[in-house]
Student: 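Below is one structure. I have some questions about it.
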Amino acid sequence: MATHVNFINGTTFTHIEKTIIRSEFTIFINSESEQSKPIPISETIVRKQFGFDMVCMVEHFNSVLKDITLATSCVPLTEVSIFYKAYEGILLCALANLLKPDSVDEKTITLKPELLDDSPDGELRKIENRNIGITALRSQGVCISRQSAAMVNIHVPSTIAAILVQVLRRVTLGRMHFQNFELLVHLFDGWSSAEEASAILATDREKMLLIWINHLLKKASTDLQLTNLGANLADSKVYSILLWTVAPEAQRASLTSSEDVMKETDLTKRAELVVANAEKLGITGILRPEHIVKVGKDSAITFVGLKNIVLNLAFLFRIFVAYPNIDVPKMKDLPSAASKKAAAVAPMQQVSSLGKHGATEDSLIRWLNSFGPSSPVVSLKTDLCNGRVLLEVWDAMFPGCVPWNKVKLEEVNLSSRRKFTWMANCDIAIGIGQKHGITRDVCSSGNISTGEVKYIASMVFLMMRLHAQLTRKEIIGEDSKVADLDDKGLVKWFNEMMEKYRSDFRLKSVDDPNLKNTNALGYLGERILVENNLLSSGPADFPRKPKVAEAAKKPAAAAGTAGKRTPPPVAPKPKMPAKMPPKSKNAADSNAEEDDGAKNEEPAATNDDNGEEEEQQTPAEAHNSGGGAWQFNSVEQVSSDPALLTTFSVTAILMFSKAGVIVYASKLGPETDAAVYRSVLMELNGLSMKTCN
């Protein structure tokens with residue numbers, strides 16, 4: 001990752017994960033064999049690794065989770081319990097509901113402590129809880145890769161802390177947006193046109209916080225201007241002025257004035273005065289003096305540096321929420337009170353209306369946010385026009401592909417220059433797309449910079465489609481040697497798998513309406529996930545793939561051998577497992593018999609190509625005893641009955657979430673984009689091609 005990029009996004013966390021967290025995880029794995037039991041996490045261990053960072057994070061999470069129903073069993077959190085509750089998955093689901101209410105239904109996760117014990121079934125329930133929470137968080141701007149989710153370990157706190165730091169940033173700085181605080185519109189003067197309104201909406205969250213801080217510094221009649229949310233905060237000068245400016249007159253007598261704070265020459269003691277002032281204003285616990293003094297000293301691409309920056313951002317956000325101090329301008333020369341009210345809300349209404357997005361954008365926005373962009377996407381029209389989010393996503397998909405030294409990230413006030421700068425950034429994004437098969441006639445830099453949703457959606461759709469190929473290759477391994485799978489190949493594989501799983505249902509194309517009108521995706525997905533030991537449903541005698549020896553305990557060794565396996569370039573025709581349920585016979589299946597008038601023969605052999613008996617894993621070995629029944633017993637029509645469709649949609653999305661497969665839509669059915677189905681099918685294809693787990 002280029003170190004000159006001065007903003008935090010999902011790529012930042014990916015870099016930290018690869019360089020720091022994985023090394024800590026490997027050390028734990030290598031040392032685990034030397035002791036019979038890992039040392040339980042304790043306050044001493046947490047303090048040794050994180051200092052007082054977790055104390056501050058816990059204080060903030062306790063303050064914001066108190067009204068979240070799902071968090072009832074979690075709060076009050078401690079610097080130790082936060083790791084256990086996150087590992088159980090309950091806290092992650094609660095945080096997802098904090099970011100977006102009702103993201104996770106309480107009924108869909110396991111809450112009873114006795115069911116979340118250390119037994120194999122208890123561990124499986126924790127994994128399912130975590131996957132549900134992680135899947136919900138990913139669609140809301142928290143970047144958690146498949147590898148990160150798999151590495152979560154209660155005995156390696158950094159694997160959990162990395163997720164919590166992201167969530168903290170998202171629930172604080174991530175909310176510096178008009179969608180959450182319409183009052184922010186009054187920080188911008190001298191605009192009236194829709195173009196200027198769009199430019200305001202394109203302001204990223206960090207810039208919005210800077211604008212607010214500088215607005216108050218100007219209000220305090222000081223020439224001081226804050227240029228970054230890092231090292232410039234370390235001397236406490238900005239903090240001292242900011243707190244004095246927002247403090248109500250009645251409370252100033254109890255505070256240390258900004259002048260007196262700055263008379264203190266010792267930076268730590270100066271920071272102590274700042275923290276004391278904040279506590280007197282009701283802003284407690286989120287920051288300690290050492291966090292102020294050390295901010296910016298360590299790079300943001302180190303875990304220590306990142307935590308310091310995020311904690312300072314959270315502190316600033318708490319000040320903003322408690323004391324925004326944004327004056328609403330009074331409107332003059334209005335003929336009546338009614339028209340005065342209408343005029344007063346007009347700017348906010350104009351900005352708000354541009355910020356709304358329709359249901360057609362939902363899937364693309366969910367996908368974009370899964371990369372953890374520096375500013376979460378709310379609208380394709382307004383949030384992509386400066387090119388920054390698109391470039392961040394490209395950089396996450398193909399690390400190092402973005403020439404950041406050529407990207408213009410600084411704020412441009414002049415309208416004509418701003419448009420030129422945005423177009424230049426967007427042109428870089430389009431150029432990267434061209435290198436990866438997305439031609440320039442799909443979308444132009446002008447289309448993006450002016451917010452033409454039709455063209456922007458077309459480009460993002462193709463990026464999402466390309467990402468599905470990359471995800472499939474990542475699951476299989478050796479992505480450079482795995483051929484892409486086009487729609488024709490995907491349909492062929494789908495039909496072969498349905499034959500393998502004893503169903504007569506067949507697809508004619510990825511856009512076949514029967515895919516959306518039936519529960520076929522759930523039927524196929526459940527069997528692939530159970531076969532890969534990712535779900536606890538399914539009969540106990542349903543064959544499951546063998547696991548790599550001690551893979552769960554020695555992932556480093558497994559990763560080392562994965563590179564030696566050369567997977568086939570295309571999905572092979574699956575063999576019939578040893579035991580299968582009877583063929584699915586129903587109305588939906590019978591439709592498929594009309595496809596070509598031909599029926600495939602049932603494969604009779606249960607052995608591999610060398611005549612050797614295929615090794616099957618016992619239910620106990622699979623760490624998945626099976627619930628004894630399928631959630632989707634057969635392929636059925638669901639679109640004709642709204643209640644049946646809703647039941648299928650909720651059940652299927654929950655099932656995929658438990659297995660860690662993200663569905664970039666809030667529901668499945670006839671109105672869902674084909675891109676969502678294609679994305680899920682690509683991931684299932686990758687899982688089906690894995691030889692073991």
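Since the structure is predicted, the reported quantities are computational estimates derived from the model, not experimental observations.
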Student: Is H291 reaching over with its side chain to a backbone N or O of R288, donor-acceptor style, under 3.5 angstrom?
Tutor: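 Yes, the answer is positive, given that a donor and an acceptor are paired below the 3.5 Å cut-off.
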
Student: Compare all side-chain heavy atoms of V460 with those of L384 and state whether any distance is below 4.5 angstrom.
Tutor: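 Of all side-chain heavy-atom pairs linking L384 with V460, at least one is under 4.5 Å.
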
Student: What verdict does the side-chain contact (heavy atoms from CB on, under 4.5 Å) test give for Q140 and N369, after you've listed the backbone C-alpha separation in whole Å, the side-chain angles of each residue and the deciding distance to 0.1 Å?
Tutor: CA-CA 6 Å; Q140 294 164 31; N369 282 333; over 6 Å; no

Student: Do any N or O atoms from the side chain of Q49 and from the backbone of P157 form a donor-acceptor pair under 3.5 angstrom?
Tutor: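 Flag not set: sc Q49 to bb P157 has no pair under 3.5 Å.
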
Student: Distance from M459 atom CE to I448 atom CD1, nearest 0.5 Å?
Tutor: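 Here the rounded value is 5.0 Å.
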
Student: I'd like to know if the side chain of D383 and the backbone of S379 have a donor-acceptor N/O pair within less than 3.5 Å.
Tutor: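 It does hold such a pair.
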
Student: Looking at R205 and L173, would you say the former's side chain and the latter's main chain have a donor-acceptor pair under 3.5 Å?
Tutor: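 The answer is no, because no donor-acceptor pair under 3.5 Å joins these two groups.
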
Student: Say you draw a straight line from OG of S63 to CG of L65; how long is it, rounded to the nearest 0.5 Å?
Tutor: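 Taking OG in S63 and CG in L65, the distance rounds to 8.0 Å.
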
Student: Looking at side-chain heavy atoms only, is the closest gap between R318 and T172 below 4.5 Å?
Tutor: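 No, every pair of side-chain atoms sits at 4.5 Å or beyond.
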
Student: For the residue pair N325 / T245, report whether a side-chain donor-acceptor contact shorter than 3.5 Å exists.
Tutor: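 No - no donor-acceptor pair under 3.5 Å links their side chains.
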
Student: Can you see which heavy atom on L313 is nearest to which on L229, and at what distance?
Tutor: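 Reported closest heavy-atom pair: CD2-CD1, 3.4 Å.
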
Student: Would you say the side chain of K66 lies within less than 4.5 Å of the side chain of N62, judging by non-hydrogen atoms?
Tutor: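 Not touching, per the 4.5 Å side-chain cut-off.
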
Student: So do the side chains of L209 and L316 get within less than 4.5 Å of each other, counting heavy atoms only?
Tutor: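 When only atoms from C-beta onward are counted, L316 and L209 do touch, with a gap below 4.5 Å.
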
Student: Regarding K269 and E272, does a basic nitrogen lie under 4.0 Å from an acidic carboxylate oxygen?
Tutor: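 Salt bridge: no.
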
Student: Mind checking the CD1-CD spacing from I241 to E259? Nearest 0.5 Å is all I need.
Tutor: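 Here the interatomic distance stands at 8.0 Å.
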
Student: Return the CE to OG distance between M262 and S258, rounded to the nearest 0.5 Å.
Tutor: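 Between atom CE of M262 and atom OG of S258 there are 9.0 Å.
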
Student: Using side-chain heavy atoms (C-beta onward) and a distance below 4.5 Å, is R388 in contact with N425?
Tutor: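 No, every pair of side-chain atoms sits at 4.5 Å or beyond.
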
Student: State, to 0.1 Å, how close L98 and R175 come at their nearest heavy-atom pair, and which atoms those are.
Tutor: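 Taking L98 first and R175 second, the nearest heavy atoms are O-NH2, 2.6 Å.
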
Student: Name all residues meeting the side-chain contact (heavy atoms from CB on, under 4.5 Å) criterion together with S444; count only those two or more places apart in sequence or in a different chain, and write none if there are none.
Tutor: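 S444 satisfies side-chain contact (heavy atoms from CB on, under 4.5 Å) with N447 once adjacent residues are dropped.
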
Student: Kindly say whether L226 contributes a backbone atom to a donor-acceptor pair with the side chain of N214 at under 3.5 angstrom?
Tutor: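 Such a contact is found between N214 side chain and L226 backbone.
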
Student: Which atoms form the tightest heavy-atom contact between L70 and A94, and what is the distance?
Tutor: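 The pair with the smallest heavy-atom distance is CD2-N, 3.8 Å.
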
Student: Counting neighbours of CG on D266 that are heavy atoms of other residues, nucleotides or ligands and sit closer than 6.0 Å, is the number greater than 12?
Tutor: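 Counting neighbours around CG of D266, more than 12 heavy atoms of other residues, nucleotides or ligands fall under 6.0 Å, so yes.
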
Student: Where is the tightest heavy-atom contact between A96 and G133, given as atom of each residue plus distance?
Tutor: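 Shortest heavy-atom separation between A96 and G133 comes out as CB-O, 4.3 Å.
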
Student: Does F181 have more than 12 heavy atoms from other residues, nucleotides or ligands lying within 6.0 Å of its CZ?
Tutor: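 Check passes, neighbour count above 12.
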
Student: May I ask you to check whether H467 and F371 place their ring centers less than 6.0 Å from one another?
Tutor: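 When the ring centroids of H467 and F371 are compared, they turn out to be within the sub-6.0 Å range.
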
Student: Please check if the side chain of N386 supplies one atom and the backbone of W422 the other of a donor-acceptor pair under 3.5 Å.
Tutor: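 No, because the side chain of N386 does not come within donor-acceptor range (under 3.5 Å) of the backbone of W422.
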
Student: Within this structure, what is the CD-CD1 distance for the pair E206 and I309, rounded to the nearest 0.5 Å?
Tutor: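 The CD1 atom of I309 is 8.5 Å from CD of E206, to the nearest 0.5 Å.
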
Student: Treating N97 as the side-chain partner and S103 as the backbone partner, does any N or O pair qualify as donor plus acceptor under 3.5 Å?
Tutor: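 Yes; at least one donor-acceptor contact below 3.5 Å.
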
Student: If you compare all heavy atoms of P76 against all heavy atoms of S81, which two are closest, and at what distance to 0.1 Å?
Tutor: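 Shortest heavy-atom contact: O-OG, 4.4 Å.
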
Student: V171 versus L95: any side-chain heavy-atom pair under 4.5 Å?
Tutor: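 Side-chain contact under 4.5 Å: no.
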
Student: Would you check if there is a donor-acceptor pair between the side chains of S374 and E392 at a distance under 3.5 Å?
Tutor: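 Short answer, yes.
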
Student: Can you tell me if T450 uses its side chain to pair, donor with acceptor, with the backbone of G446 under 3.5 Å?
Tutor: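 Indeed, once roles are kept as given, a pair shorter than 3.5 Å links the two residues.
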
Student: Please find the pair of heavy atoms, one from I430 and one from C443, that lie closest to each other, and give the distance.
Tutor: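 Heavy atoms only, the tightest pair is CD1-O, 3.3 Å.
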
Student: Pair up each side-chain donor or acceptor in residues 277-284 with any protein partner under 3.5 Å, not counting sequence neighbours, and list the distances.
Tutor:
residue: N277; atom: OD1; partner: T256; partner atom: N; Å: 3.0
residue: N277; atom: ND2; partner: T256; partner atom: O; Å: 2.9
residue: K280; atom: NZ; partner: S254; partner atom: O; Å: 2.7

Student: Roughly how far, to the nearest 0.5 Å, is CE of M151 from CD1 of I160?
Tutor: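 Result: 11.5 Å between the selected atoms.
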
Student: Flag the pair E43 and K48 as a salt bridge only when some basic side-chain nitrogen lies within less than 4.0 angstrom of an acidic carboxylate oxygen.
Tutor: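 Salt bridge: no.
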
Student: Taking E79 for its side chain and R47 for its backbone only, find out whether a donor-acceptor pair lies under 3.5 Å.
Tutor: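 Not a single qualifying donor-acceptor pair exists.
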
Student: Between the main-chain N or O of Y664 and the side-chain N or O of S363, is there a donor-acceptor pair closer than 3.5 Å?
Tutor: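 Answer holds: yes.
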
Student: Start with the C-alpha gap between V378 and I365, add the side-chain angles, then the distance that decides, and say whether side-chain contact (heavy atoms from CB on, under 4.5 Å) holds.
Tutor: CA-CA 7 Å; V378 176; I365 289 173; over 6 Å; no

Student: Show your reasoning for whether side-chain contact (heavy atoms from CB on, under 4.5 Å) applies to Y239 and R270.
Tutor: CA-CA 10 Å; Y239 279 135; R270 190 186 292 178; over 6 Å; no

Student: Ion pair present between D427 and K406, side-chain N to carboxylate O less than 4.0 angstrom?
Tutor: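 No, no charged N to carboxylate O under 4.0 Å.
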
Student: With a 4.5 Å heavy-atom cut-off, do I292 and N308 have their side chains touching?
Tutor: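 No, their side chains stay 4.5 Å or more apart.
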
Student: Answer yes or no: is there an ion pair linking K218 with D223, defined by an N-O contact shorter than 4.0 Å?
Tutor: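 No, no charged N to carboxylate O under 4.0 Å.
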
Student: Closer than 4.0 angstrom, basic N to acidic O: yes or no for D260 and K263?
Tutor: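 Answer for the salt bridge query: yes.
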
Student: For L91 and L164, run side-chain contact (heavy atoms from CB on, under 4.5 Å): C-alpha distance rounded to whole Å, both residues' side-chain angles, the deciding distance at 0.1 Å, then the answer.
Tutor: CA-CA 10 Å; L91 177 60; L164 296 176; 4.2 Å; yes

Student: Which of parallel (below 30°), tilted (30 to 60°) and perpendicular (above 60°) describes F320 and W212?
Tutor: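 F320 vs W212 ring planes: perpendicular.
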
Student: Using 30° and 60° as the class limits, which term best fits the ring planes of F50 and F83: parallel, tilted or perpendicular?
Tutor: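 Answer is parallel, since the angle falls under 30°.
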
Student: Indicate yes or no: at least one non-hydrogen side-chain atom of F420 is less than 4.5 angstrom from one of M423.
Tutor: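 A side-chain contact under 4.5 Å is absent here.
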
